Amino acid sequence: MTRQDHIIKWAVYVLALLPLCLVQQYVLGRWLSLGTAPLLLPLAAIAVGMMEGPMAGSLYGMWVGLAWFLCGEWAISVLLMTLAGLAAGVLSSGGLQRNFFGYLLVTAGLMAAGELLRVLMHLLRGVSGPAALLPVILGELVSSLIFAVPVYLLYRAVWRRVGESRLA
């Protein structure tokens, strides 16, 4: 692939991230299901990691984390999204199928790990007890997994168009 092909490819991936940022921040942030809002941006980092591999997944995850931080999330989200993209890429190149079921499995595992980490951070800060946080993390996890379907379909369409070395 030429340099211009790489620029086009990643510009399309960034354009796919913009509607997710807007929907998460301005639509789903106001609409609460199960008392929580779904998290779409981690789903994007995981999708690209699964489809493009560990290196590209970690770089895209870093950009997703930066976008999430700019939307008001904690600064550690940059590191966490980088690790999520890396982990998804490692799992997909380690033999896990790059289909929807593989994506859903990786998403459920990484989102659960992320939610547990968020609980630990809240507990360490003394914000709330585990009994109060459990319904919140379960609600976020379930509602996020529901939105995994449209996020996967969006990134699958992008990947089919510009993914790997398709522009070459």
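FYI, side chains are in, hydrogens and waters are out, and symmetry mates aren't considered; it's all heavy atoms of this structure. The chain is numbered in sequence order, starting from 1. Just so it is clear, the model here is predicted, and its values are computed rather than measured.
- Of all heavy-atom pairs between W68 and S77, the closest is CE3-CB, 3.7 Å.
- The distance from atom SG of C71 to atom CD of Q24, rounded to the nearest 0.5 Å, is 7.0 Å.
- Clustering ILVMFWY residues whenever any of their side-chain heavy atoms sit less than 4.5 angstrom apart, transitively, puts F101 in the very cluster that holds I46.
- Linking ILVMFWY side-chain heavy atoms closer than 4.5 Å, directly or via other members, places L104 and L43 in a single hydrophobic cluster.
- In this structure, CE in M62 is found 12.0 Å from CG in L83, a value given to the nearest 0.5 Å.
- Partners of L96 according to the side-chain contact (heavy atoms from CB on, under 4.5 Å) rule, which considers only residues two or more places apart in sequence or in another chain, are M50, L91, L105, V106.
- Linking Ile, Leu, Val, Met, Phe, Trp and Tyr residues whenever their side-chain heavy atoms come within less than 4.5 Å places L70 and W63 in a single cluster.
- Transitive grouping of hydrophobic side chains (ILVMFWY, heavy atoms separated by less than 4.5 Å) keeps V48 and V14 in distinct clusters.
- The structure places CD1 of I76 at 6.0 Å from CG of L117, a figure rounded to the nearest 0.5 Å.
- Using a 4.5 Å heavy-atom cutoff, the side chains of H122 and S128 are not in contact.
- Shown here for M111 and P42, the closest heavy-atom pair between the two residues is SD-CB, 3.6 Å.
- Nearest approach of A44 to L17, heavy atoms of both residues: CB-CD1, 4.0 Å.
- In this structure, the side-chain contact (heavy atoms from CB on, under 4.5 Å) partners of I7, at least two apart in sequence or on a different chain, are R3.
- Surrounding CE of M55 are at most 12 heavy atoms belonging to other residues, nucleotides or ligands under 6.0 Å away.
- Atoms CG and CE, on L110 and M81 in that order, are 8.5 Å from each other to the nearest 0.5 Å.
- Relative orientation of the W10 and Y60 rings is tilted, given thresholds of 30° and 60° on the angle between their planes.
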Below 3.5 Å, can you tabulate the donor-acceptor pairs from side chains in residues 144-154 to any protein atom, sequence neighbours excluded?
{"residue": "S144", "atom": "OG", "partner": "L39", "partner atom": "N", "Å": "2.8"}
{"residue": "S144", "atom": "OG", "partner": "E140", "partner atom": "O", "Å": "2.7"}
{"residue": "Y152", "atom": "OH", "partner": "F100", "partner atom": "N", "Å": "3.3"}

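- At a cut-off of 3.5 Å, with distance as the only test, no side-chain donor of Q97 or Y103 sits close to an acceptor on the other residue.
- A single hydrophobic cluster is seen to contain both V12 and L40, as judged by linkage of ILVMFWY side chains at heavy-atom distances under 4.5 Å, directly or through other members.
- For the atom pair CG (L133) and CG (L120), the distance works out to 10.0 Å, reported to the nearest 0.5 Å.
- No side-chain heavy atom of V119 sits less than 4.5 Å from a side-chain heavy atom of P130.
- A pairwise comparison of heavy atoms in A37 and S143 identifies C-OG, 4.0 Å as the closest pair.
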Given the rule in the salt bridge (Lys or Arg N to Asp or Glu O under 4.0 Å) test, do E73 and R118 qualify, once you have shown the distances and angles that lead to the verdict? CA-CA 11 Å; E73 188 61 31; R118 287 169 60 126; 3.4 Å; yes
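- Among all heavy-atom pairs drawn from R156 and R98, the shortest one is NH1-O, 3.6 Å.
- Residues C21 and L41 share a closest heavy-atom pair of SG-CD2, 3.7 Å.
- With rounding to the nearest 0.5 angstrom, the CG atom of L20 is 9.5 Å from the CG atom of L28.
- Within 6.0 Å of the CH2 atom in W159, the count of heavy atoms belonging to other residues, nucleotides or ligands exceeds 12.
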